[in-house]
Amino acid sequence: MVTMLIHPQWNPIALQLGPLAVHWYGISYLAAFGLFFFLALRRSRQPAMAPQGWSREIIEDLLFYGVLGGIFGGRLGYCLFYKPGYYALHPLEVLALWQGGMSFHGGMLGVIGALALYGWQRGKPWLQVTDFVAPCVPTGLAAGRVGNFINGELWGRAADPSLPWAMVFPGAGPDPRHPSQLYQAGLEGLCLFILLMLLVYRPAIRARAGVLSGVFLAGYGVARFIGEFFRQPDAHLGFLFAGATMGQLLSLPMMAVGAWLVLRGMRRA
């Protein structure tokens with residue numbers, strides 16, 4: 001007899017204070033921002049970072065720019081990549097953030113644009129900014145995936161019932177599924193964070209502009225591409241070109257640009 005795990009179906013509201021409801025997913029976002037700020041402060045205090053002048057005030061501004069870029073880019077990316085036809089007919093709903101719908105790839109483009117603007121205003125080279133930021137991001141990605149798991153959303157594809165950690169999710173039918181949110185938290189979050197931290201403490205890598213940024217882009221692209229094999233594709237999109245999902249197709253340019261940045265950085269003094 002096979003015993004399957006059942007998703008705990010946590011209440012999405014973590015804390016109710018009168019009319020104010022604090023959701024677990026909101027807490028995961030706060031955790032992501034807090035982890036970024038903590039890691040960025042630690043990184044700014046490394047002796048190798050001293051010449052670049054990363055103060056607490058600058059990091060606070062950087063976080064503010066990144067949050068705005070991520071929110072607007074994530075929303076626009078979702079509307080353009082996943083439901084372009086619907087939002088072309090209902091353009092005002094693009095602003096309806098409370099209805100949900102965010103794209104990581106769109107959010108990443110938004111953050112890149114915000115960092116470019118920030119770097120231009122501060123007189124800092126763009127790759128210097130992105131290299132500083134890149135190692136501080138993966139833990140936040142992991143926190144977001146844990147939030148997806150708590151909400152019981154973005155579940156995985158059907159799994160073999162004999163898989164010890166196969167799980168039945170509410171709203172996904174009676175079949176056991178891969179807890180792909182946790183797979184992605186491990187790949188995009190923990191593994192990518194460890195890889196970047198190992199490179200941060202190697203002077204020969206750290207000193208080459210664009211390498212850390214490229215490793216982040218390529219690493220996330222590979223992690224997301226693998227994770228999509230276990231994640232249920234969006235119902236309104238399904239499988240696309242050559243059986244790939246939208247997440248996999250959007251990850252291919254990330255891998256290509258990331259590999260180019262790494263090769264470019266390693267070839268330059």
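Note that this is a predicted model, so its numbers are computed, not measured.
Checking side-chain atoms of Arg208 against main-chain N and O of Ala204 turns up a donor-acceptor pair under 3.5 Å. Listed for the His7 side chain is a donor-acceptor partner under 3.5 Å among the backbone atoms of Gln9. Using a distance-only test at 3.5 Å, with no hydrogens or angles considered, no donor-acceptor pair links the side chain of Asn151 to the main chain of Glu153. No donor-acceptor pair closer than 3.5 Å links the side chain of Arg224 to the backbone N or O of Gly247. Distance alone, capped at 3.5 Å, places no donor-acceptor pair between the Arg231 side chain and the Gln181 backbone. Listed for the Ser28 side chain is no donor-acceptor partner under 3.5 Å among the backbone atoms of Gly144. For Arg177 (side chain) and Ala166 (main-chain N/O), no donor-acceptor pair under 3.5 Å exists by modelled atom type. Using a distance-only test at 3.5 Å, with no hydrogens or angles considered, no donor-acceptor pair links the side chain of Lys124 to the main chain of Tyr118.
Here CD1 of Ile226 is found 10.5 Å from CD of Glu188. Values are rounded to the nearest 0.5 Å. Atom-to-atom distance recorded for Leu199:CG and Ile194:CD1 is 12.0 Å, nearest 0.5 angstrom. Distance check: His23 NE2 to Leu30 CG gives 12.5 Å after rounding to the nearest 0.5 Å. To the nearest 0.5 Å, atoms CZ (Arg202) and CG (Leu198) are separated by 9.0 Å. Rounding to the nearest 0.5 angstrom, the gap separating the CG atom in Leu20 from the CG atom in Leu15 is 7.5 Å. Rounding to the nearest 0.5 Å gives a distance of 10.0 Å between CZ of Phe149 and OG of Ser180.
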What pairs of donor and acceptor atoms, side-chain ones from residues 62-70 against any protein atom, are under 3.5 angstrom apart with sequence neighbours left out?
unit_1	atom_1	unit_2	atom_2	d
Tyr65	OH	Gln121	OE1	2.3

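When all heavy atoms of Gly77 and Ser103 are compared, the closest pair comes out as C-CB, 3.7 Å. Here the closest heavy-atom approach between residue Pro203 and residue Tyr201 is recorded as CD-O, 3.5 Å. Closest approach of Gly214 to Val262, counting heavy atoms only: C-CG2, 3.7 Å. Residues Thr139 and Cys136 come closest through the heavy atom pair OG1-O, 3.9 Å. Minimum interatomic distance between Ser251 and His105 (heavy atoms only, all atoms of both residues): OG-NE2, 3.3 Å. The two residues Ala142 and Gly189 make their nearest non-hydrogen contact at CB-CA, 3.8 Å.
For the pair Arg45 and Trp54, the minimum side-chain heavy-atom distance is 4.5 Å or more. Put simply, the side chain of Gln46 reaches to within 4.5 Å of the side chain of Val200, judged on heavy atoms. Within the 4.5 Å cutoff, the side chain of Leu252 has heavy atoms near those of the Met255 side chain. Side-chain atoms of Leu240 and Met246, non-hydrogen and from C-beta on, do get closer than 4.5 Å to each other. Side chains of Met266 and Val211 form a contact here, defined as non-hydrogen atoms less than 4.5 Å apart. Side-chain contact check for Leu217 versus Leu261: some heavy-atom pair is nearer than 4.5 Å. Within the 4.5 Å cutoff, the side chain of Leu237 has no heavy atoms near those of the Phe81 side chain. Residues Pro138 and Leu196 form a side-chain contact, since some pair of their non-hydrogen atoms from C-beta on lies under 4.5 Å apart.
The cluster map of Ile, Leu, Val, Met, Phe, Trp and Tyr, joined by side-chain heavy atoms under 4.5 Å apart, puts Ile205 and Leu263 in different clusters. Cluster membership check: Leu5 shares its hydrophobic cluster with Leu182, using side-chain heavy-atom separations under 4.5 Å among Ile, Leu, Val, Met, Phe, Trp and Tyr. Following chains of ILVMFWY side-chain contacts shorter than 4.5 Å, one cannot reach Leu35 starting from Leu190, and the two form parts of different hydrophobic clusters. Note: the hydrophobic cluster containing Ile59 also contains Phe216 (ILVMFWY, side chain heavy atoms under 4.5 Å, direct or indirect links). Taking hydrophobic clusters as Ile, Leu, Val, Met, Phe, Trp and Tyr residues chained together by side-chain heavy-atom distances below 4.5 Å, Phe239 does not share a cluster with Leu250.
The neighbour count for Trp10 CH2, taken as heavy atoms of other residues, nucleotides or ligands under 6.0 Å away, is above 12.
Classification of Asp61 and Arg122 as a salt-bridged pair holds, one side-chain N sitting under 4.0 Å from a carboxylate O.
Listed by chain and residue number, nothing satisfies the side chain to side chain donor-acceptor pair (under 3.5 Å) test with Gln248 (two or more places apart in sequence, or in another chain).
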I'd like to know whether Leu249 forms a side-chain contact (heavy atoms from CB on, under 4.5 Å) with Glu228, so could you lay out the CA-CA distance, the side-chain angles of the two residues, the decisive distance to 0.1 Å, and finally the verdict. CA-CA 10 Å; Leu249 294 178; Glu228 288 284 324; over 6 Å; no
Check against side-chain contact (heavy atoms from CB on, under 4.5 Å), Thr130 and Ile112: CA-CA 8 Å; Thr130 56; Ile112 288 175; 5.7 Å; no
Might you work through the side-chain contact (heavy atoms from CB on, under 4.5 Å) test for Asn11 and Trp24, ending with a clear yes or no? CA-CA 8 Å; Asn11 187 336; Trp24 284 111; 5.5 Å; no
Derivation and outcome, side-chain contact (heavy atoms from CB on, under 4.5 Å), residues Leu187 and Leu192: CA-CA 6 Å; Leu187 289 170; Leu192 187 55; over 6 Å; no
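Ring geometry for Tyr82 against Tyr78 counts as parallel: the plane angle stays under 30°, on a 0 to 90° scale with 60° as the upper cut.
Of the residues Phe225, Phe104, Phe193, the one that meets the ring-ring contact (aromatic ring centres under 6.0 Å, His included) test with Tyr220 is Phe104.
No close placement of the Phe33 and Phe37 rings is indicated, their centers lying 6.0 Å or farther apart. Residues Tyr183 and His178 place their aromatic rings such that the two centres sit under 6.0 Å apart.
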